[in-house]
Amino acid sequence: MLKLHALGRLTLLDEEGRDLAPQGSKARGAVALLATAPGYTRTRAWLQQRLWSDRAPEQAAGSLRAALSEMRRALGPHRQMLIASRHAVSLDPAYFQIVYEPSDGEQPGSAPQPFEDVAVHDRAFELAIRAVRGDVLVRWTQQRRTAARRKRIVLVRSDARGAPAADVGARLLQNRILSALRQIDDLEIMSAGADDGANDLDVPGGQPQSMLLIRVLSVAVKDDVFLSCEIQSGRRLWSDIASVPGAIGAMHESVELDRLALSTVDHVVDAFVDQASIEGSNACALALAREARNLFFQLDKASLINADRLFQRAFEIEARGRYLAWRGFLRNAAFFQHRSMSFLDGSATVTDFAIEALRHSPDDAIVHTISSQIEYIHQGNLRTPLVMAQRGVTRDPTEPLGWALLSNALSTNGKLEEGYRAALRALDLSRNGPFQFYFEHFACMAAVALAEYDQALLHARMALRFRPDFVSTRRYEVALLLHRDDTPRLNLSVASLRQQEPGFTSIALLDSTYPVNTLRLLPIMDAVAKRASPYAVDLIGTPTPAIIGRAGSERCQAISGRSVKSS
């Protein structure tokens, strides 16, 4: 992985210390702008307007192509780090890490100049790089403050016994746990082998530490591998076990392994939250965020208001991007559940929260996956959300919400089978938990996209069994029953939806302002357009004028006539 130094001179150093940054001023300027962009992505037009603002669009486009070619040549074997499509240019964070440290020779504690040797004689670029330098200094300051207060340490130790598959299982589980723990900014993560000779809780440092030890044990028995995790803090706090197939491929795909990793991380956070409540330490932001997330899934207005305030307070304590991302996602949920965000405080838009979240935490998994959904719903973009959701799941494969939002991004990009598999992954990770209903909904959406309507109806009914007031799923149930032409059950479903939306009729699904963004892109809307009109009655039984049904039908057919992939 390359290290991109943002303080002092711009460098892209490989493992051997070679600098692979391009030499041309415009190419170096492009690297600086992309490395600090939300999601590491900018449109071609945006880059052209900052680097060649004095040139005609065609000439600027050609100059950008030349600069991208120079970047690829400089990167050499790492050229896959640069991703360029017809509309946008990205840097893949899987290939590089931004380092917020002063260059060699800087005085300790001084504030170095970010990208000090990046200069492009273009007024638009000068304005852009000024803002970038300000953001880099903010990140550097935040990192120094975080390092100064970092007291919570997690030591992960693994031990494997038996066939080689046991060693693979131990390493895989340990890596899953570490990937998830690294999403928590203020934890210091340490890993060690079973026989390194260190004392379990003997951690260097003169200050008192909050210390947890995670022991991973893997034992191969015939065709299976038995895994166990135990959390200690002077005494055993928690433990659990899982059995996974011994075949390497099946082990990598094992939901049981991911469940064990997810449960381990949840209990680590709970342990630190408990310590914070006793010590009054800054870990209370974790406690607030955990409570806010639980309130989010209640979905009623009072719970959403309280969750928003808790996320806001958590951010005031620790300025982490994921708290902002959740506030944006929470507003999204408010619109789909209540068709309004006005009951929530503040003037910031959903997109504002996503942009700020990426600025504060550009490497956070949940920031990327939530931002992918916001980008799709509020910007109408399809390709960029897919890239962002894939990055989020790669960083933390144990997070069910990440898989759910990836599912939506895959389905809307025409990758229907993959979308349904991702939704089932989210559902498996959340099964038998308090929020299973939410992930049943994503499985329902993905099954509808795949035209597996019977399976979609099963997911819908399971979600509604847990949460009858979950209107997003109820809307899909109405569409599925219209497709089946099942009048008795349709009438019951419409009556249930009217408890949350008085006056609802199935013809509303054809309205371009009604909150069924993904459903409107799917072929099932043909059936909705044909069959909604007979059921379009208001609360006192007066039929809706037929002209509304015809207009809605024509609009729906125009939408559903496009393929999902090209929408």
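Just the heavy atoms: all of them, side chains too, but no hydrogens, waters or symmetry mates, feed the values below.
Within 6.0 Å of CZ on Arg383 lie no more than 12 heavy atoms contributed by other residues, nucleotides or ligands. Counting heavy atoms of neighbouring residues, nucleotides and ligands inside a 6.0 Å radius, atom CD of Glu316 exceeds 12 of them. With a 6.0 Å radius and a threshold of 12 heavy atoms from other residues, nucleotides or ligands, Arg461 has its CZ atom above the threshold.
Atom CG of Leu457 sits about 7.5 Å away from atom SG of Cys444, to the nearest 0.5 Å.
Side-chain contact of Ser342 with Ser340: a donor-acceptor pair under 3.5 Å is present, judged by distance alone. In this structure, a donor-acceptor pair under 3.5 Å is present between the side chains of Ser493 and Glu477. Between the side chains of Asn408 and Gln373, a donor-acceptor pair is found at a separation under 3.5 Å. Side-chain N/O atoms of Arg391 and Tyr40 include no donor and acceptor closer than 3.5 Å.
Using a 4.0 Å cut-off between charged nitrogen and carboxylate oxygen, Arg322 and Glu399 do not count as a salt-bridge pair.
Here the options are Leu82, Ile83, Thr41, the test is side chain to side chain contact (heavy atoms under 4.5 Å, CB included), and the partner is Val89; only Leu82 passes. Of the candidates Val516, Ile377, Leu299, Ile377 is the only one forming a side chain to side chain contact (heavy atoms under 4.5 Å, CB included) with Phe336.
Aromatic rings from Phe442 and Tyr438 are positioned such that their centres are separated by under 6.0 Å. Ring to ring, His360 and Tyr323 are not that close: their centroids are 6.0 angstrom or more apart.
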Go through the steps for Asp396 and Arg182 under the test salt bridge (Lys or Arg N to Asp or Glu O under 4.0 Å), then give the verdict.
-> CA-CA 9 Å; Asp396 184 4; Arg182 288 188 180 113; over 6 Å; no
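Using cut-offs of 30° and 60° for the angle between ring planes, the Trp238 and His267 rings count as parallel.
Taking the ring centre of Phe437 as origin, the terminal cationic atom of Arg467 falls inside the region bounded by 6.0 Å and 45° from the ring axis.
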